[in-house]
Amino acid sequence: MKTQLTITPEPIDETALNAERELSDGMGAVVVFQGVVRAQEGTASISAIDYEAFDEMACHQFELIFEEIDRQWPVESVRLVHRVGVVPVNAPSLWVEIIAPHRAVAFAACQFLIDAMKQRVPIWKKPVGGASSTSSQKFST
Amino acid sequence: MKTQLTITPEPIDETALNAERELSDGMGAVVVFQGVVRAQEGTASISAIDYEAFDEMACHQFELIFEEIDRQWPVESVRLVHRVGVVPVNAPSLWVEIIAPHRAVAFAACQFLIDAMKQRVPIWKKPVGGASSTSSQKFST
Amino acid sequence: MTVIVKFWSYFKDHTGCSESTLELPESASLGDAHSAVIERFPALAEMQNSTLKAVGVDYQPDEFVLNEGDEISLFPPVQGG
Amino acid sequence: MTVIVKFWSYFKDHTGCSESTLELPESASLGDAHSAVIERFPALAEMQNSTLKAVGVDYQPDEFVLNEGDEISLFPPVQGG
């Protein structure tokens, strides 16, 4: 299984990632998931999320997850980009691509990867520019 | 829910489709599925698939499926392109994008759409350039 | 009454045509039309149970009562994607 | 023996530092280290049960026996994506 993992403060360049896609002639399914920063985080309106990663451990944990995927499914390729630092609302923080022979495998592996990431990969969020109902009360009195 | 449906003999232009993506600031998940023509169709090696659609009914059936998605999930946007005519091996015949507030919704709606399409939408495949084990036997004797 | 029957995918190869017209008694059903088509094109008999049937752009059951001028479509299982 | 403890995410705000060193008896466990950290930084006590613990780049259970120079990481639940 081919893997490509990038943790970067740069914006995710979807066009470049798509241009670099390689798939052999036995592959029938490409699933791409993008996680995008939303303007609401809980009850707060935010302008961005500041992502912090423990890079070395995050890479290692992603690699462990990739190995589990390789053991469970006939996936040809996994590519993942996670942006760190300040990611503005409406911009993607996560881009994942799975290439597999069949649709069911591609969807299963992609969802497994994201679920496992959310449990194990040491990356954290801090809202930026938040005006939560609590903090705005501080200014209204 | 915004919908965009295209049944076309033209190659699927992923870059243009991505450039036209619009999502509001409450959306957190973008799932894109591409179905790609494989070199094997059953036991036959093929060079392409020739897709035939009953266009008018296919559009209507896709619209019915979109309406079911809109009733079941808070999806903001569905875009779908199905190519018809001769689609070569390694090229996508199907491109689907779902934009939703959350990942689980986006994945569920995307898989529902493809499953429903495969049951109801009148599009058919004919292998092109096939050398099946049967037909090659004809030449080997 | 007269109805139009359209064939799709390899059903066209089996019938040798993409469209045909059918004379049916008043209030004939879609199932009646299917039977009449198989009588005219016996090659379709083998696929009888897996044949999908639509009137216009909607799937309909065999009980569906036809009207003059209806456009029936008969085709094999669909394969989009 | 001496081990290094790194704090991540808002644990840094609670401790006021991103890294600290800890003197522990020989064959102390990761759980022992965690207890010693909480003694030094009581603000972390509240998050004791939800704290994730790693040695190097791997998660380890409280029973894990530490070695001189080990790098421990303590952090809150992860939130990638």
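Just so we're clear, the structure is a prediction, and the values are computed from it rather than from any experiment. Naming: A, B, ... by sequence-line order, numbering from 1 per chain.
At distances below 3.5 Å, at least one donor-acceptor pair connects side-chain atoms of B:Lys118 with backbone N or O atoms of C:Gly80. Here the side chain of C:Ser9 pairs no donor or acceptor atom with the backbone of B:Trp124 at under 3.5 angstrom.
When heavy atoms are compared at a cutoff of 4.5 Å, B:Leu94 approaches chain C solely by way of its side chain, counted from C-beta outward. In this structure, no portion of B:Ile49 lies under 4.5 Å from any heavy atom of chain C. For C:Pro76, the parts sitting under 4.5 Å from any heavy atom of chain B are the backbone and the side chain alike. Looking at B:Glu56, both its backbone and its side chain come within 4.5 Å of chain C, counting heavy atoms on both sides. With a threshold of 4.5 angstrom between heavy atoms, C:Tyr10 does not approach chain B through any atom at all. If you measure heavy-atom distances from B:Ala58 to chain C, you find no contacts under 4.5 Å at all. Contact of B:Arg120 with chain C is made through backbone and side chain together, with heavy-atom distances under 4.5 Å. For chain C, the nearby part of B:Gln61 is the side chain; its heavy atoms alone come within less than 4.5 Å. Interface remark: B:Phe54 contributes backbone and side-chain atoms alike to the contact with chain C (heavy atom separation under 4.5 Å).
Closest of all the heavy-atom pairs between C:Gly81 and B:Ser93 is O-OG, 3.1 Å. Annotation for B:Met117 and C:Val78: closest pair O-CG2, 4.0 Å, computed over non-hydrogen atoms.
Looking at heavy atoms from C-beta onward, B:Glu52 lies in side-chain contact with C:Lys12 at the 4.5 angstrom threshold. Taking the side chain as every heavy atom from C-beta outward, B:Ile123 and C:Gln79 never approach each other to under 4.5 Å. Side-chain contact between C:Trp8 and B:Pro122: absent, with no pair of heavy atoms (C-beta onward) separated by less than 4.5 Å.
Applying the side-chain hydrogen bond (donor to acceptor under 3.5 Å, both in side chains) criterion to C:Ser29, with sequence neighbours excluded, gives C:Asp32.
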